[in-house]
Amino acid sequence: MADSTGAQAPKPSSSVKLVLLGEAAVGKSSLVMRFVNNDFQENKEPTIGAAFLTQKCNLPTRTIKFEIWDTAGQERFASLAPMYYRNAQAALVVYDITKASSLTKAQHWVAELQRQASPGIVIALVGNKFDLANPSSSSAAEGEGEEGEEGEGDARKIPAATAKAYADEEALLFFETSAKTGMNVAEVFTAIANAIPETSLKGPRGAAGQSGRQQEESRVNLTGPRDNVGAKEGCAC
Amino acid sequence: MSASKDSEAEPLRPEDTLTDTPIATEDQDEAISGEASGEITPPPLPPRPRMTVAHRGSRSSLRSLRPSTGTGRPPLQGKATTALSLGDVHTLSHGATLHEVHSSAASRQASATAGYNVSRSGSDIDDTASLRSFAPALEVSADLESILGEVIPDREGLAWKPTASPSDSEKRAEAAIFSDDEVFERTFAHEFDELEQIKEDGSNELSVLSEWKSKLKHFLILSSAGKPIWSRHGDDRLITNYIGVVQTIISFYQGAKDMLKGFTAGESRFVVLSKGPLNLVAISRLGESDSQLRTQLESLYMQILSTLTLPSMEKMFSNRPSTDLRRPLQGTETLLSALADGFTRGSPSTLLSALECLKMRKSHRQVVNNTLLSKRRPGLLYGLIVASGRLVSVVRPKKHSLHPGDLHLIFNMLFEAGSVKAGGGENWIPLCLPGFNNTGYLYMYVSFLNLDKASKEVTERPSTSDGPGDEVAILLISADRESFYEMREMRNELVEQLEKNGSIRIIRIAVKQGRSSCADIVPGTLIKHFLYKSRGNVQFIMPSYEPHFSTLIAKRRLHTLYAHLNSTLHARPTAPKIHHETSTTYTAIAWSTPLFELYAIAPSSTPRTAMAVAANAIVTYVRRNEDRVFIIGGAVF
């Protein structure tokens, strides 16, 4: 955004603002930590507010510098979300494959993004905590849903097929990941980087069309503190 | 243990310090010589008899000087056999010494003339010295130690403590600042362990319950409708019954229009704080006073407000009195627990309602302040640089100061709870600072600096640890939720400039150095630890916990003692200005003036005069270094 600088890399480089959304405790921060630091922390404490991190992603033809907004999942922060997804070119909507309610929440986020975010936003639906699923049933398409206490092997509550069908319907990228093992984490970000249309990428000095408008918007935001913020939400409930 | 208060006449006169006159004026020469002789010749005892003489008959404070003689006499006699038998060993070769021991042990007040004679005898000092060098040869010093530690009241302790070579006695004095209490140690060691989950079949319910009951400290927060909101230990299933009982008790008194403030059950003190729709309960077996526990509850309450703001919380409850507050508070349990654990470990900041600063030269701090000011953006409300809970610099608007309670919440979030730090990167955190304004949110930009160059990634830290603590954070607080990028630019420029003008290096050195030791602050002192609070600056200074109080348990004991001293000093309606007390293992002094509060702790062998001298020395040190140890005013715009 405002501080997006073209890196002195040989390849063209551009910044992409990406936001992570999803229910609390689905593993948003863990995904980011795996992507940025290639690290994993068991029992991570909940994020407060939002964290801002950056990470480069090298594609064959260009370098994408992700500016990642890792938001807190608790409901009281929901009213702040627009601030983070406004002007975002990509969103990672995360759910927990072992928790049915988290997919519902993810679907709400997708709907909100489609309604309110930039029109060209690339959305990826990500089912995290794959490591908790039983390997054999992971690809199985039967939607028998609740497995209950079938031993420690499988805590999966959301069949991959269900989520995949939904993602296809809404034209979302879809991955199942494990921040714990690292499975598919880099792939998600690479896929997003590839899916970002060339035209919406900002070069070192701002670029064509939509992104130019975006930049202007953000510049206004910086100098005029309270322009389009609208009614302030004092209440976080 | 015997304690004594003397609120009327006392050698330490607070007013004197205001006018730069050293305290203990009459005894000053003696006290200084006592201190000097304490440094040069090992025995700290010599001045004592003379002082007694000086006070004899003319001062009512004699009693407080000799705590055990007046008040502790009956127990003394009960245990005198041990003392005598030990004394008898000496009698074999040291009759004169025995005489000294006896007179100091039992008969000083009764026959002051005897004491007078002894002190005038001239050979007194030599005798004491010989006693000192003689005792180790008995090879019963270990026995002596335990006997003295447990049974014999203070004065024998005084007589016997110095009976080893200086280094030995030094070591033992350290070990003995607190007497051993294995039960406490064992309990406290498990204080922060998480409880097991109760199994489905309830088979381990009893063991979990006894684990829960063994915790020394509990905090419960419930709504006035009786819904559980948060508890430090135990899940819902475990605490529901207790919540119900507590709620019943509280509402019984509320019904009678007579608010319940606290009660004692067995060894536990229950303190209740009712705040609008919330009831907060602290249950402590750590010997804290009601007002201290209430302060802790206030802090937990502020943490809840910090998450919700007051109007929004009140709205929830007025819409639905049976609101389950756990949902809106989701995710902040760790912050509440970190706060609670901080209190259980012992928090001087909360005890004193004050902040601690990183010690820095005035000119260096000025540079940091000016850099902050010069990089300030219009959206900035407060800017802070904080090194592991200690303030380095503050920039603030002229009309707003910072509330220590608010800062404590922020520091707790950043340095005790791990979430912000562990995430790495930068953070943008909406929060309400109740002391500043409990009706709205502010937005806080947080970035941790890697002092050893940015090459290394910000490493993670375990949650709620008391780790090495060399983290430095830059906090930029704005009222504008959209100003993240503005604050971020400010931070980048700020860090660049601080790097350029050498401030980062200075901060790094100061952080690495840590707190000064007692010996650095008052050379040659027997004081093992102290707290000094400047009332005007709402800041405090303390020396390093090392080496005497490095363990969690030693720290807890130390803070228990401070809490006790603090409550004595703030006792109503008769708050003493000076409080001096001696136990078998320590001597402590608490001193309150309009300018400061001072608490200091030394081994029990430390004579009162030496305590007075040391207290004065600390005050002088702080006065001399005021610009370094405190932030005075800060950078204001």
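Order of the sequence lines sets the chain letters (A, B, ...), proteins ahead of strands, with each chain counted from 1. Small disclaimer: the values here were computed from a predicted structure and weren't measured.
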Closest non-hydrogen atom pair, [X] against [Y]:
X	Y	value
Gly331(B)	Pro46(A)	O-CG, 3.5 Å
Pro430(B)	Gly49(A)	CD-CA, 3.5 Å
Ala51(A)	Asn427(B)	CB-OD1, 3.5 Å

Atom [atom1] in [X], atom [atom2] in [Y]: separation rounded to 0.5 Å?
X	Y	atom1	atom2	answer
Phe77(A)	Gln330(B)	CZ	CD	10.0 Å
Thr309(B)	Arg76(A)	OG1	CZ	11.5 Å
Glu333(B)	Glu45(A)	CD	CD	10.5 Å
Leu80(A)	Tyr441(B)	CG	OH	8.5 Å
Met83(A)	Glu482(B)	CE	CD	6.0 Å
Tyr84(A)	Phe484(B)	OH	CZ	8.5 Å

Under 4.5 Å from a heavy atom of chain A, the part of [X] involved:
X	result
Leu335(B)	side chain
Ser447(B)	neither
Met413(B)	side chain

Point to revise | Tyr485(B)/Phe52(A) under side chain to side chain contact (heavy atoms under 4.5 Å, CB included): CA gap, chis, key distance, verdict | key: CA-CA 10 Å; Tyr485(B) 292 101; Phe52(A) 181 84; 3.8 Å; yes

